[in-house]
2 protein chains.
Amino acid sequence: MAETSGTSGNETLLFLTDDQLRKGIEAMFFAYRGFTADPDRILADKGYGRAHHRAIHFINRSPGTTVNNLLSILGVTKQSLNRVLRTLIEDGLVESRVGTRDKRERHLFLTEAGETLESELSTAQRKRMRAAFRQVGPDAVVGFRQVLEAMMDRDMHHHYARLREAGE
Amino acid sequence: MAETSGTSGNETLLFLTDDQLRKGIEAMFFAYRGFTADPDRILADKGYGRAHHRAIHFINRSPGTTVNNLLSILGVTKQSLNRVLRTLIEDGLVESRVGTRDKRERHLFLTEAGETLESELSTAQRKRMRAAFRQVGPDAVVGFRQVLEAMMDRDMHHHYARLREAGE
DNA sequence: ATTTTATGTCAGCCTTGTTGACATTCCAAG
DNA sequence: CTTGGAATGTCAACAAGGCTGACATAAAAT
């Protein structure tokens, strides 16, 4: 969090041609496909989709999170998330506990089975990320993260930073 | 193409914790949302989706490309692409010419209206990419592209490289 | 000439996004 | 206390864009 503070002086008048920018755009497109490819394969076997993966990931990251909190992270409607959550709960991967302080809220947890799937998915995804990071070296990794952070919307960066706090 | 040649010696035994990798994964997730946000808004107004954007982008990149070539780039089924192409053709954004040498093929071109929309979309997307690149500086940009390339599947990297040739 | 292959189209299904209507719970104002 | 509004979660129905299967046509092979 220290190194990304503000627009600190590096407004080095860069000549960025449309070509350079377009390469970045296309790289982003093709890389994202690779990024999701391994989890997608695993999920397809079990009858789930990418939406299930996202839910599982962020429930694992913040056990006990509420549906509403999850909604603002995922940026979908509650109705859309609800469908996914319902199947995960029915299948025994996620547990939904009614809030004690506020009974309107549902707090979400992964069951053991849920943690097993989460582990399988994130292991596959980390494996690819690790290979890429190793291939290019630590400086490139820093640059990678800097650009991605600069590309996020403000509120997404907020969620990203809050998750980082917790994990660090 | 010169600087990315092979696994050249930088296999520097990196200690990559699961935490570091997960940060990369989450950065990728949140950043991709930002990456598509501006075009998505423009498209929604006109009744199109992200799939239309992808088709328009790559037709613009390779005018006269065939449906089959587009398919392998986009990585979807021809039936799925066909639905999108049909609406674009009906709406007069894309022109489909039957091949002269091989009459089975359809060659795809943007019409003037298609080029107008393409320009609107790519201008918005480049604007965000440019802002991000400027914010973080040229070294970070290099690292960004290196990681993304290392994350692509082999065949996607192939398409990426072929497009780069043409644009350079 | 007839079969096989390549390419593109049409029909129908599934996931996952959307909006609208609604039930429950909490809280604040009367 | 009760009543009206806000917050939260659920149910229903629809749209976009993936998918597979069946099929038409053109080219190539036998």
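Every chain is numbered from 1 and lettered A, B, ... according to where its sequence line falls, protein lines coming before strand lines.
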Please determine if a side-chain N or O atom of A/H52 lies less than 4.0 Å away from the OP1 or OP2 oxygen of C/dT16. yes
Between A/R106 and C/dT25, is there a side-chain N or O to OP1/OP2 distance below 4.0 Å?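 No.
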Roughly how many Å is it from [atom1] in [X] to [atom2] in [N], rounded to a whole number?
{"X": "A/I89", "N": "D/dG9", "atom1": "CD1", "atom2": "P", "result": "11 Å"}
{"X": "A/L71", "N": "D/dG9", "atom1": "CG", "atom2": "P", "result": "7 Å"}
{"X": "A/R104", "N": "D/dG5", "atom1": "CZ", "atom2": "P", "result": "16 Å"}
{"X": "A/R33", "N": "D/dG17", "atom1": "CZ", "atom2": "C1'", "result": "14 Å"}
{"X": "A/D102", "N": "C/dT24", "atom1": "CG", "atom2": "P", "result": "16 Å"}
{"X": "A/N68", "N": "D/dT10", "atom1": "CG", "atom2": "P", "result": "11 Å"}
{"X": "A/R50", "N": "D/dG17", "atom1": "CZ", "atom2": "C1'", "result": "13 Å"}
{"X": "A/H53", "N": "C/dT15", "atom1": "NE2", "atom2": "P", "result": "18 Å"}

Heavy atoms within less than 4.0 Å of DNA chain D: which residues of residues 77-88 of chain B have one? Give them sorted by number. B/T77, B/Q79, B/S80, B/R83
Classify the ring geometry of B/Y32 against B/F35: parallel below 30°, tilted from 30° to 60°, perpendicular beyond 60°.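 Judged by the thresholds at 30° and 60°, the geometry between B/Y32 and B/F35 is tilted.
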Using the six-membered ring wherever Trp is involved, compare the ring planes of A/Y160 and B/F30 and label them parallel, tilted or perpendicular (cut-offs 30° and 60°).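 Rings of A/Y160 and B/F30: perpendicular, as their planes differ by over 60°.
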Expected output: side-chain A/Q125 to main-chain A/T36 donor-acceptor under 3.5 Å: no
Donor-acceptor contact present, side-chain B/T123 to main-chain B/E120, <3.5 Å: no
Establish whether A/M156 and A/L163 are linked, either directly or via other cluster members, by ILVMFWY side-chain heavy-atom contacts under 4.5 Å. yes
Using the rule given for salt bridge (Lys or Arg N to Asp or Glu O under 4.0 Å), can you reason through A/R126 versus A/D38, listing the C-alpha separation, both sets of side-chain angles and the distance that settles it, and then say yes or no? CA-CA 10 Å; A/R126 275 198 302 267; A/D38 304 320; over 6 Å; no
Closest-nucleotide ordering on DNA chain C, the 5'-leading residue of A/G47 and A/R101: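 Looking at DNA chain C, the more 5' nearest nucleotide goes with A/G47.
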Given A/Y48, which of A/I56, A/D91, A/V84 fulfils the side chain to side chain contact (heavy atoms under 4.5 Å, CB included) condition? A/D91
